[in-house]
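Source: prediction; values computed, not measured. All chains are named by letter (A, B, ...) in the order of the sequence lines, taking the proteins before the strands, and each is independently numbered beginning at 1.
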Amino acid sequence: MKLSALHQSYLNRRSNSFRSPTSVDSSVDGSGKSLIAVFWLILHCLCCLISLVLGFRFSRLVFFFLFSTSSTNLYSAPFPDLPVKHLDVHTLGRRLEPGANLTVASGTTTTKSSRVVVGRHGIRIRPWPHPNPVEVMKAHQIIERVQKEQKSVFGMKSSKMVIAVTPTYVRTFQALHLTGVMHSLMLVPYDLVWVVVEAGGATNETASIIAKSGLRTIHVGIDQRMPNTWEDRSKLEVFMRLQALRVVREEKLDGIVMFADDSNMHSMEFFDEIQNVKWFGTVSLGILAHSGNAEEMVMSMDKRKEMEKEAEEDSSSLPVQGPACNSTDQLVGWHIFNTLPYSGKSAVYIDDVAAVLPEKLEWSGFVLNSRLLWEEAENKPEWVKDFGSLNENEGVESPLSLLKDPSMVEPLGSCGRQVLLWWLRVEARADSKFPPGWIIDPPLEITVAAKRTPWPDVPPEPPTKTKDQMPLSQGGNTAVVIPKQQQHSTKIRKPKRRSKRNKHEPKLTDTTQVSSSSSKRQERN
Amino acid sequence: MKLSSLVLIFIVCNLTFSTISAFRLSRSQPTERISGSAGDVLEDDPVGRLKVFVYELPSKYNKKILQKDPRCLNHMFAAEIYMQRFLLSSPVRTLNPEEADWFYVPVYTTCDLTPNGLPLPFKSPRMMRSAIQLIASNWPYWNRTEGADHFFVVPHDFGACFHYQEEKAIGRGILTLLQRATLVQTFGQRNHVCLKEGSITVPPYAPPQKMQSHLIPEKTPRSIFVYFRGLFYDVGNDPEGGYYARGARAAVWENFKDNPLFDISTEHPTTYYEDMQRAIFCLCPLGWAPWSPRLVEAVIFGCIPVIIADDIVLPFADAIPWEDIGVFVDEKDVPYLDTILTSIPPEVILRKQRLLANPSMKQAMLFPQPAQPGDAFHQVLNGLARKLPHERSVYLRPGEKLLNWTAGPVADLKPW
């Protein structure tokens, strides 16, 4: 082992310092000995105190400074044969400020070469050690790119187009339902065609809603109006779906047909799972037999529990419609929603406040390859009826009527164990009105009586043009909902008054509204 | 008819066995072939290219030590134990020392553990010396070459310097008796005393079953940008910082502790392996020694290793092109780590991930039991085979002595 000069000298110093009292002792008397001992003790204490203040052992730094000449010589000219690596040299730790633990460094140290040295190094911190938004954005782009690559490698090798069939009609809840389906379909990562079949003709309302999606849509209208009972409604929906399938056949759309009823809710995994279908598949569908009346619901639940206690069936009481498999994951039948507890208490009319029950087999739980519908498709299996010759008068209840052999259906979602979408029917009262297109135009003619007004009852004195306005406040107890135009006129935005609302002459409507409101008020009083 | 059916059966058997032999991690991701400076050597088969003779040392050098403390089988220095087990049953082993190219001395120098599980190296030089004295006196092969065709596995922190503190290890240097032997060690740093020229760097031991049991589906999207779990300040030994990791880990913490891209902390989560599989970059900074099992874990889990250790020599550096696979960051550039990592073009990142997905890459980092083709044991043998044939200077003239048996600190000369 070779010791460096510095190390050796340091050791010698230490041994010398311990030896010196004894050597001095022989020559000097006792007072000298104690003096030197005290001196070393004081030096030791001083060093300890300085170390305490500085926060690190500074003794090595002292030696570095003292012997800096020899060390810098060795640094400036690298000697490969000399034992440079044995040196206990230290970089200039930047912690020379007492008490400060970490300091800002700009990254320059005394080590020049690639040779790494042992000892204390400074902790480098950049001037603003916080996230840089540009870097964060770049990192997110990298993450996105990596995930895209992952998806292309491990995800679907070749994804088929999804053809979503939605029967709909104009009613209060249409915007609610269609927006939900639309958002789900917009998130689907595969190509999509949305076939929307509308009862009562293809209207602009529906067209404007589905146009917002940016998806490729096929909007078909049928002339019949949607009837008012659930039973008739589902029959018409079947007819509408078959119309859509005819469109698929005519347009020769190639992909996987799924039935997205407008009030259903789909999970994203549903769209991933249906890519696995070869010809005809079925998934588990969660049935939410909604009841507007909580009491009804509780009673039906109790009744169901009673029934369960009586009959020890092994059929599940889960509200799920889906495939039933045996232990080898082969399809043996279907789980169907148990409608017995609801017998006699289910909704008949669309606005009934009772549970809305699904059909025996809801269409939404089935998916099929669109090639089954084509006239000629290669490898089309024999257990499929020809769609063109389907006779609707024979009663097509469920998609299984399209098949000759229902046992060839593929169960998806780990054989029905995953519920991938939910069936729900919620509608408003038959006489409920809603603003067409959900745009309030013309403005509302409603008076709202408020107990206290958060704004001053008297609007600021308007300019002369609107002086035929009646003073609004009479007692401060009532207030008027000021329609938009009036508000605009009170603010100094005169040019705007010649805006698109020109068809209503502002002044006339103001007065009529005000008068009507005041008259209304009088009536109420 | 019979012949054709036999041929068919033969073909089917071949196919099934060839797929089984690959490590279970191989999936359907497209990969690239890995070829380092020595060429495309990761999948070489060492059988037939070299012969190894394993010395039969008394069990006090290996088995008894293991019996005293079976924890040695699971810690990161377990490579020495598994190497012996592998060699004893490997086809490269020969019982005839005359025809052997390499001689292996199975001595477990890293198995003297503290109650915490950390190995104490204080007795290792004496143990090694005693083992060498034994083989030198009982067999003529040591004196023939003074150990130049012998190899030892020294997986400790600083290899054959036998100390955990770098300054003291540098002070001691490599054990004099091992100056001519080939060392198989985990430590590797260029221009360092404790890395001898001609050493073979191996990865630290990481338990293969444990890592495999934590695999998650490969299509889980990688959403963490940078991941690290470990100490930043070694409060027990270096409370102020600056010594531990040469200040690099502390710099990582101080610069990036509030950066949302950096998922770094000192916690020990149970989902450590799963999180690594959800990360794009995994930091592998130095600690008290430049190497760490993090590199092995990062490679197995497909996370690009970001190596922050100046002058480090990574395992099997001649067989694996680490520059193409990992990202090397100088310690002085640590404050700008986010800039460095985000400025890597996405194509380069994807290529690195493809290289990491190569099953032979992952296999080369592991020490599975029983040994599988392409694993770290075979890479060591390949490395030894590449050093063959021995030069003429390896063999000493009779009576020539190059090693000084009395060199070293006095304490090392005591018998073990």
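For B:Thr220, the part lying near chain A is the backbone, with the side chain staying farther off; criterion is any non-hydrogen pair under 4.5 Å. Neither the backbone nor the side chain of B:Asp330 comes within less than 4.5 Å of any heavy atom of chain A. Residue A:Glu135 touches chain B through both its backbone and its side chain, counting heavy-atom pairs closer than 4.5 Å.
Taking the side-chain contact (heavy atoms from CB on, under 4.5 Å) definition, one finds that A:Thr282 meets it with A:Pro323, A:Trp334, A:Phe366, A:Val409, sequence neighbours left out.
Here A:Asp272 does not pair with B:Lys219 in a salt bridge; the nearest charged N to carboxylate O distance is not below 4.0 Å.
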Worked check of ring pair (Phe, Tyr, Trp, His ring centres under 6.0 Å) between B:His163 and B:Phe122
CA-CA 7 Å; B:His163 210 280; B:Phe122 303 119; 5.6 Å; yes
Take B:Phe225 and B:Phe281 through the ring pair (Phe, Tyr, Trp, His ring centres under 6.0 Å) test and state the conclusion after the steps.
CA-CA 6 Å; B:Phe225 192 61; B:Phe281 290 105; 5.4 Å; yes
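The greatest number of non-hydrogen atom pairs below 4.5 Å with chain A, out of B:Val226, B:Thr339, B:Ile349, B:Val334, is found for B:Thr339. Chosen from B:Asp333, B:Asp238, B:Asn259, B:Val252, the residue pairing most often with chain A at heavy-atom distances under 4.5 Å is B:Asn259. Across B:Pro260, B:Pro221, B:Ala245, the residue that shares the most heavy-atom pairs under 4.5 angstrom with chain A is B:Pro221.
A pairwise comparison of heavy atoms in B:Arg33 and B:Leu355 identifies O-CD2, 3.9 Å as the closest pair.
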